[in-house]
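Everything below concerns the one structure shown next.
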Amino acid sequence: MQQTLTAFPIWVIVIDYVLGVVMWTLIGRAAMNIFLPEDSSFFFMRFFVRATDPLLRLFAPITPSFLVRFLVPVYVAWFFFMIRFYLMPWLLGYSVMGMLSFPLESEIAAMLYQTFGR
């Protein structure tokens with residue numbers, strides 16, 4: 001975490017973490033929807049539906065009607081991926097796309113490596 005904090009301003013990391021959590025929550029909803037219906041009483045599914053429904057409604061005007069319903073969260077998550085991978089580095093002035101890419105995932109990977117690695 002300290003390495004990430006020295007590489008980027010805190011506001012950039014906070015924005016990336018928020019966008020990353022939103023993206024992964026949308027992907028989680030699509031994954032849960034493979035096994036459970038949207039109206040399931042399982043508390044994780046209820047959380048995913050409640051947390052992501054406002055975003056799905058917000059993106060409804062640009063969501064193609066031909067998409068299978070359970071793939072719509074993945075489609076919306078793709079926008080958050082594109083913002084994180086391309087738009088944020090470009091707005092921050094990095095010359096290489098993906099330079100800022102995924103501090104959230106980098107921190108999680110580092111934590112897993114420390115826990116389970118040598």
Inset, instruction - May I ask whether Ile27 and Val22 are part of the same hydrophobic cluster, defined by side-chain heavy atoms of I, L, V, M, F, W, Y residues being less than 4.5 angstrom apart, directly or through others? - result: yes
Legend entry - Worked verdict on Phe81 versus Leu19 for side chain to side chain contact (heavy atoms under 4.5 Å, CB included): CA-CA 8 Å; Phe81 170 81; Leu19 292 173; over 6 Å; no
Inset, instruction - Take Asp39 and Arg46 through the test side chain to side chain contact (heavy atoms under 4.5 Å, CB included) and record every step on the way to the result. - result: CA-CA 7 Å; Asp39 60 352; Arg46 283 186 296 163; over 6 Å; no
Inset, instruction - May I ask you to check whether over 12 heavy atoms, not counting those of Phe42, lie within 6.0 Å of atom CZ? - result: yes
Legend entry - hydrophobic_cluster_shared for Trp78 and Val68, side chain cutoff 4.5 Å: no
Inset, instruction - Nearest 0.5 Å please: distance from the CZ atom of Phe70 over to the CE atom of Met32. - result: 14.5 Å
Legend entry - Distance (rounded to the nearest 0.5 Å) between Leu58 CG and Thr52 OG1: 12.5 Å
Inset, instruction - Kindly give the heavy-atom pair with the smallest separation between Thr25 and Val21, and that separation in Å. - result: OG1-O, 2.6 Å
Legend entry - Within-4.5 Å side-chain heavy-atom neighbours: Leu26 and Tyr75: no
Inset, instruction - Would you give the length of the straight line joining atom CZ of Phe79 to atom CG of Leu87, rounded to the nearest 0.5 angstrom? - result: 12.5 Å
Legend entry - same_hphob_cluster(Met82, Phe59) at 4.5 Å side-chain heavy-atom cutoff: yes
Legend entry - Hydrophobic cluster identity match, Val49 and Trp24, side-chain contacts under 4.5 Å: no
Inset, instruction - State, with a plain yes or no, whether a side-chain heavy atom of Ile15 is found less than 4.5 Å away from one of Trp11. - result: yes
Inset, instruction - Indicate yes or no for a side-chain donor-acceptor contact from Ser40 to the backbone of Leu36 under 3.5 Å, with no hydrogens or angles considered. - result: no
Legend entry - Leu56 and Arg29, any side-chain heavy atoms less than 4.5 Å apart: yes
Inset, instruction - Using a 4.5 Å cut-off on heavy atoms from C-beta on, say whether the side chain of Pro64 contacts that of Leu67. - result: yes
Inset, instruction - Considering non-hydrogen atoms only, spot the tightest contact between Glu38 and Met45 and give its length. - result: CA-CE, 3.8 Å
Inset, instruction - Quick one: pull up OH in Tyr17 and CD1 in Ile10 and give me the separation to the nearest 0.5 Å. - result: 8.5 Å
Legend entry - Linked, directly or transitively: Met23 and Val72 (ILVMFWY side chains, under 4.5 Å): yes
